[in-house]
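Structure record follows, encoded as structure tokens.
Note that the structure is a prediction, hence the values are computed from the model and not measured.
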Amino acid sequence: MTGSSRAHLCFLLLSVTALLGRGRYIDMQENEISAEGLFSLLNSELKRELPDEYIYRRPLRCLDMVAVEGQFTFTADRPQLNCAAFFIGEPTDLISIEYDSVDIDCRGGDFIKVFDGWVMKGEKFPSSQDHPLPLFERYSDYCVSGEAQPIIRSSQNVAMVFFRLHQAGSSFTITFRKILNPFPCNVISQTPEGRFSMVIPQQHRNCSYSIIYPVEIQIGELSLGHHNDLKRSAPGCVGAGDFVELLGGKGVDTSKMYPMADLCYSFNGPAQLKVGCDNTVVRMVSSGKFVNRVSFQYRLLDNQELQKLKGNSVEDMCLSG
């Protein structure tokens, strides 16, 4: 990866936060971790390739990013009260987390919780608007379910495990696997360049593809099941039950991001847009009446392109606050 892509990947990594540990839900605070240190965690995982007959095993860190299937063990050498591990697969993967062994003191305040998605700076991906489950069902607490729920499966290609252990010697071991998802919906991309086709087969749901880099999006095809008979006098895509929107922003919650463009008419591209924000999202809203499809590719903007974008209002919004 280029130095520019490293810098923008650090938006994701520097946003990694962990649980304070009060109540059922996540109360987040930022960790003081160097950008290069966090980047090396993800970079080492992505480059590792092992034969199928071997099981990859390594210790789990208190703050960790995991992209390779395998078995991970965390053993506390002192009280560890603010830990989180983020798991990511390819766009077409679901995440499976299996408890192999657990030796913690739930009554003493220890916990291990799995969240269906990611939480960064208090924002959740996917947002509550885009996730198929209500928020309380996205949390799985080992100290509540115990062995009754040994395997937890995510709804998209990311999940997180956050934990608190008070005593040295407390430990747990989990196995991380990737499961093929035939109709991926909500995705966080691992890379600043790629291509993807999002298909929603007559389901009433919203799907987001999140690229945590400033990129150029090029849409090659948009196929919406409804006829192009919407009133063109309506602003944007108001009145369309099926449409695609391009969003930009600094966080991961799509409901808090800035709308860059609305697309509610089928076409064969290319149509392209440069987004100078830390996070760029292609989001499809589907009424469930039709089969909708959007195909696109994306690439990282270089420094010269970013400088040209700085003068407009969208870039000011991305850099402010």
Quiz item: Judged by modelled atom types alone, do Asp116 and Gln156 share a side-chain donor-acceptor pair under 3.5 Å?
Solution: yes
Quiz item: Is it the case that one hydrophobic cluster holds both Val244 and Met257, taking links as side-chain heavy atoms less than 4.5 Å apart, direct or via other members?
Solution: no
Quiz item: So, do Ser210 and Val281 sit near enough that their side-chain heavy atoms are less than 4.5 Å apart?
Solution: yes
Quiz item: Is the backbone of Phe87 close enough, under 3.5 Å, to the side chain of Trp118 for a donor and an acceptor to pair up by distance?
Solution: yes
Quiz item: Among the clusters formed by ILVMFWY side chains lying less than 4.5 Å apart, do Phe196 and Ile217 turn up in the same one?
Solution: yes
Quiz item: To the nearest 0.5 Å, how far apart are CG in Asp253 and NZ in Lys121?
Solution: 14.0 Å
Quiz item: Are any non-hydrogen side-chain atoms of Val114 and Met160 less than 4.5 angstrom apart?
Solution: no
Practice problem: Give a yes or no on whether the backbone of Leu81 and the side-chain of Arg164 come within a donor-acceptor separation of less than 3.5 Å. | Solution: yes
Quiz item: To the nearest 0.5 Å, what is the distance between CG (Leu222) and OG (Ser266)?
Solution: 5.5 Å
Quiz item: Do any N or O atoms from the side chain of Asn279 and from the backbone of Gly251 form a donor-acceptor pair under 3.5 angstrom?
Solution: yes
Quiz item: Could you give the distance from OG (Ser154) to CD1 (Ile95), rounded to the nearest 0.5 Å?
Solution: 5.0 Å
Self-check item: Aromatic ring proximity Phe74/Phe163, centre distance under 6.0 Å
Solution: yes
Quiz item: At their closest point, which heavy atom of Thr75 faces which heavy atom of Ser171, and how far apart are they?
Solution: OG1-CB, 3.6 Å
Quiz item: Side chains of Tyr265 and Phe243: closer than 4.5 Å at any heavy-atom pair?
Solution: no
Quiz prompt | Derivation and outcome, side-chain contact (heavy atoms from CB on, under 4.5 Å), residues Glu245 and Leu247 | solution = CA-CA 6 Å; Glu245 58 181 354; Leu247 306 172; 3.8 Å; yes
Quiz item: Do Phe125 and Ile188 come within less than 4.5 Å of each other through their side chains, counting heavy atoms only?
Solution: yes
Quiz item: Is it the case that one hydrophobic cluster holds both Val66 and Ile112, taking links as side-chain heavy atoms less than 4.5 Å apart, direct or via other members?
Solution: yes
Quiz item: Looking at OG of Ser287 and CD of Gln202, how far apart are the two atoms once the value is rounded to the nearest 0.5 Å?
Solution: 9.0 Å
Practice problem: Please test Arg78 against Gln80 for side-chain contact (heavy atoms from CB on, under 4.5 Å), starting from the C-alpha separation and ending with a verdict. | Solution: CA-CA 6 Å; Arg78 63 184 186 279; Gln80 297 281 7; 3.6 Å; yes
Self-check item: SB check Lys124 Asp130 (cutoff 4.0 Å)
Solution: no
Quiz item: Do Ser96 and Phe176 come close enough that some side-chain heavy atom pair is under 4.5 Å?
Solution: no
Self-check item: Check: Tyr209 ring centre within less than 6.0 Å of Phe296 ring centre
Solution: yes
Quiz item: Got a donor-acceptor contact below 3.5 angstrom from the Asn157 side chain to the Gly89 backbone?
Solution: yes
Practice problem: Would you check, one step at a time, whether the test salt bridge (Lys or Arg N to Asp or Glu O under 4.0 Å) holds for Arg177 with Glu69? | Solution: CA-CA 5 Å; Arg177 293 188 177 92; Glu69 292 179 298; over 6 Å; no
Quiz item: Can you tell me if Tyr298 and Tyr213 form a side-chain donor-acceptor pair at under 3.5 Å?
Solution: no
Practice problem: Assess whether side-chain contact (heavy atoms from CB on, under 4.5 Å) is satisfied between Tyr99 and Ile152, documenting all intermediate values. | Solution: CA-CA 9 Å; Tyr99 291 112; Ile152 301 155; 3.8 Å; yes
Quiz item: For the atom pair CD1 (Ile151) and CD (Glu98), what is the distance rounded to the nearest 0.5 Å?
Solution: 4.0 Å
Quiz item: Does the pair Lys178/Glu90 count as a salt bridge with the N-to-O cut at 4.0 Å?
Solution: no
Self-check item: Distance-only side-chain donor-acceptor flag, Gln203 / Ser286, under 3.5 Å
Solution: no
Quiz item: Can a donor-acceptor pair be found between the side chains of Asn181 and Thr92 at a distance below 3.5 Å?
Solution: no
Practice problem: Indicate yes or no for a side-chain donor-acceptor contact from Glu123 to the backbone of Met120 under 3.5 Å, with no hydrogens or angles considered. | Solution: no
Quiz item: Is the shortest heavy-atom distance from the side chain of His131 to the side chain of Ser155 under 4.5 Å?
Solution: yes
Quiz item: Closest approach of Gln167 and Ala76, non-hydrogen atoms and distance?
Solution: O-CB, 3.7 Å
Exercise. Could you pull out the closest heavy-atom pair between Asp110 and Cys143, with the gap in Å?
Key: O-SG, 3.4 Å
Quiz prompt | Closest non-hydrogen atom pair between Pro214 and Thr280, with its separation | solution = CA-OG1, 4.3 Å
Exercise. Check whether the side chains of Ser170 and Asp105 place a donor and an acceptor atom closer than 3.5 Å, and report yes or no.
Key: no
Quiz item: Hey, does Thr73 have a side-chain heavy atom less than 4.5 Å from the side chain of Leu60?
Solution: no
Quiz item: Judged by atom type as modelled, is there a donor-acceptor pair below 3.5 Å linking the side chain of Gln71 to the main-chain atoms of Thr173?
Solution: no
Exercise. Flag the pair Cys207 / Arg283 as yes when at least one side-chain heavy-atom distance between them is below 4.5 Å, and no otherwise.
Key: no
Quiz item: Nearest heavy-atom pair of Gly248 and Val275: which atoms, and what distance?
Solution: CA-CG1, 4.1 Å
Quiz item: How far does CG of Leu246 sit from SG of Cys277, to the nearest 0.5 angstrom?
Solution: 11.5 Å
Exercise. Sequence neighbours left out, what pairs pass salt bridge (charged side-chain N to carboxylate O under 4.0 Å, His left out) with at least one residue falling in residues 198-220?
Key: Glu216-Arg299
Practice problem: Kindly determine whether Ser197 and Ser295 satisfy side-chain hydrogen bond (donor to acceptor under 3.5 Å, both in side chains), including the steps that lead there. | Solution: CA-CA 4 Å; Ser197 292; Ser295 297; 2.8 Å; yes
Quiz item: Among side-chain atoms of Thr254 and Ser127, is any donor-acceptor pair under 3.5 angstrom?
Solution: yes
Exercise. Give a yes or no on whether Leu133 and Val158 share a hydrophobic cluster (residues Ile, Leu, Val, Met, Phe, Trp, Tyr; joining criterion: side-chain heavy atoms under 4.5 Å apart).
Key: no
Quiz item: For Val68 and Phe72, which heavy atoms make the closest approach, and how far apart are they?
Solution: O-CZ, 3.4 Å
Quiz item: If you group Ile, Leu, Val, Met, Phe, Trp and Tyr by side-chain heavy-atom gaps below 4.5 Å, do Val282 and Val199 land in one group?
Solution: no
Exercise. Using the side-chain contact (heavy atoms from CB on, under 4.5 Å) rule, take Ile219 and Gln272 through it: C-alpha gap first, then chi angles, then the decisive distance, then the call.
Key: CA-CA 6 Å; Ile219 296 179; Gln272 63 188 38; over 6 Å; no
